[in-house]
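Reading through the structure tokens given below for one structure.
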Amino acid sequence: MNYSVSSSSSSLSDQLHLLGKAEVFKLHGRDRAGRNVFLIVGKHFPARFVSTQAVNLYLKDKIFPFLKDGPFTLVYIHTDVHWTENFPGISNLKAIYEFIPTTIKNNLKAVYFVHPGLQARLFFATVGRLILGAELYNKVKYVKRVEFLWEYVRRKEIELPEFVYDHDEKLEFCPMMDSGLESDYLRLFPASPSVDSAVSTYSSMRCFA
């Protein structure tokens, strides 16, 4: 997706409009237990064009009201997510997570992380665990192929972008992609004082990717 504004130059209302147009966040379908599914398409997140304030306000107004009254699961599509393009950054991710009300955190029963790759798994095992805490991290289930997602989510009730299925086909022909060879993902890794030790650990572990 192409955008023409930055978070520093656009108004809050413009950023909220952009988030809605990008369709990053959706309440879409149910899992096998009949719980609502909160779908996040990482590739669509306009990281360079929206502020944390805009994301938090969008979630508060458009998403949280539908998640506060009962259990739900989260499906996060990591396909084609790159650090410099559509990843919110460590400090922003932490701020967004801390903004989520406790009631909603407690209602979240599982996180299905689609197309993680080795680098993403290492990142969340170190930095992600520090930011999100062990309780949420332990709810994460990595899903290497879309076909395995249907073990947890009702296939006929959720619609995924075509590029997600295309990535599955690439994995069939390039199995090394499953080992974390994800182009430029996290090539640039700006450290944050609160996560310096975790970043250091993560960076050293990348040598094995």
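Both backbone and side-chain heavy atoms feed into the values below; hydrogens, waters and symmetry mates do not.
The shortest non-hydrogen separation linking Val75 to Ile77 is CG1-CD1, 3.8 Å. Closest of all the heavy-atom pairs between Ala22 and Pro46 is CB-CD, 4.4 Å.
In this structure, the side chains of Val55 and Phe25 come closer than 4.5 Å at one or more pairs of heavy atoms. For the pair Leu12/Gln53, a side-chain contact is recorded, criterion being any heavy-atom separation below 4.5 Å from C-beta on. Side-chain contact between Ser10 and Val50: absent, with no pair of heavy atoms (C-beta onward) separated by less than 4.5 Å. Side-chain contact check for Ile104 versus Lys68: some heavy-atom pair is nearer than 4.5 Å. Looking at Phe99 and Phe64, their side chains come closer than 4.5 Å, going by heavy atoms from C-beta outward.
The backbone N or O of Phe113 lies less than 3.5 Å from no partner atom in the side chain of His78, so there is not a single donor-acceptor pair. In this structure, the side chain of Asn92 does not engage the main chain of Thr52 through any donor-acceptor pair within 3.5 Å. Looking only at distances, a side-chain donor or acceptor of Gln15 sits under 3.5 Å from a matching main-chain atom of Ser51.
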Less than 3.5 Å apart, which donor and acceptor atoms pair up between the side chains of residues 149-156 and the rest of the protein, not counting sequence neighbours?
{"unit_1": "Arg154", "atom_1": "NE", "unit_2": "Asp31", "atom_2": "O", "d": "3.1"}

Can you list, pair by pair, the side-chain donor-acceptor contacts under 3.5 Å of residues 56-63, counting residues two or more places apart and other chains?
none

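Looking at residues two or more places apart in sequence or on another chain, you find no salt bridge (charged side-chain N to carboxylate O under 4.0 Å, His left out) involving Asp168. Listed by chain and number, the residues in a ring-ring contact (aromatic ring centres under 6.0 Å, His included) with Tyr165 amount to none (sequence neighbours excluded). Contacts of Arg30 classified as salt bridge (charged side-chain N to carboxylate O under 4.0 Å, His left out), with partners at least two apart in sequence or in another chain: Glu157. Glu98 pairs by the salt bridge (charged side-chain N to carboxylate O under 4.0 Å, His left out) definition with Lys94, not counting sequence neighbours. In this structure Lys43 satisfies the side-chain hydrogen bond (donor to acceptor under 3.5 Å, both in side chains) test together with Asp80, sequence neighbours excluded. Shown here are the ring-ring contact (aromatic ring centres under 6.0 Å, His included) partners of Phe66, two or more places apart in sequence or in another chain: there are none. Residues satisfying the side-chain hydrogen bond (donor to acceptor under 3.5 Å, both in side chains) criterion with Asp166, sequence neighbours excluded, are absent altogether. Qualifying side-chain hydrogen bond (donor to acceptor under 3.5 Å, both in side chains) partners for Asn36, counting only residues two or more places apart in sequence or in other chains: none. Not counting sequence neighbours, Thr102 has no partner by the side-chain hydrogen bond (donor to acceptor under 3.5 Å, both in side chains) test.
Screening residues 100-112 for salt bridge (charged side-chain N to carboxylate O under 4.0 Å, His left out), with sequence neighbours left out, gives no hits.
Here OH of Tyr76 is found 12.0 Å from CZ of Phe38. Values are rounded to the nearest 0.5 Å. Of the inter-residue distances, the one linking Leu67 atom CG with Thr103 atom OG1 reads 11.5 Å to the nearest 0.5 angstrom. For the atom pair CG of Asp14 and CG of Leu19, the computed distance is 11.5 Å after rounding to the nearest 0.5 Å. Taking CG of Asn107 as the reference point, atom CG of Leu74 lies at 13.0 Å (rounded to 0.5 Å). Distance NE2/His44 to CZ/Phe163: 4.5 Å, rounded to 0.5 Å. Taking CG from Asn106 and CG from Leu136, the interatomic distance works out to 11.0 Å, rounded to the nearest 0.5 Å.
Checking Asn86, Ile40, Val41 one by one against Val24, the side chain to side chain contact (heavy atoms under 4.5 Å, CB included) holds for a single residue, Ile40.
Taken together through direct or relayed side-chain contacts under 4.5 Å among Ile, Leu, Val, Met, Phe, Trp and Tyr, Leu93 and Phe45 form part of one hydrophobic cluster. Under a hydrophobic clustering in which Ile, Leu, Val, Met, Phe, Trp and Tyr are joined whenever their side-chain heavy atoms come within less than 4.5 Å, directly or via other members, Leu39 and Val140 fall into different clusters.
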Decide ring pair (Phe, Tyr, Trp, His ring centres under 6.0 Å) for Phe87 and Phe123; before the verdict, give the C-alpha distance in whole Å, the side-chain angles of both, and the deciding distance to 0.1 Å. CA-CA 12 Å; Phe87 187 76; Phe123 171 77; 5.6 Å; yes
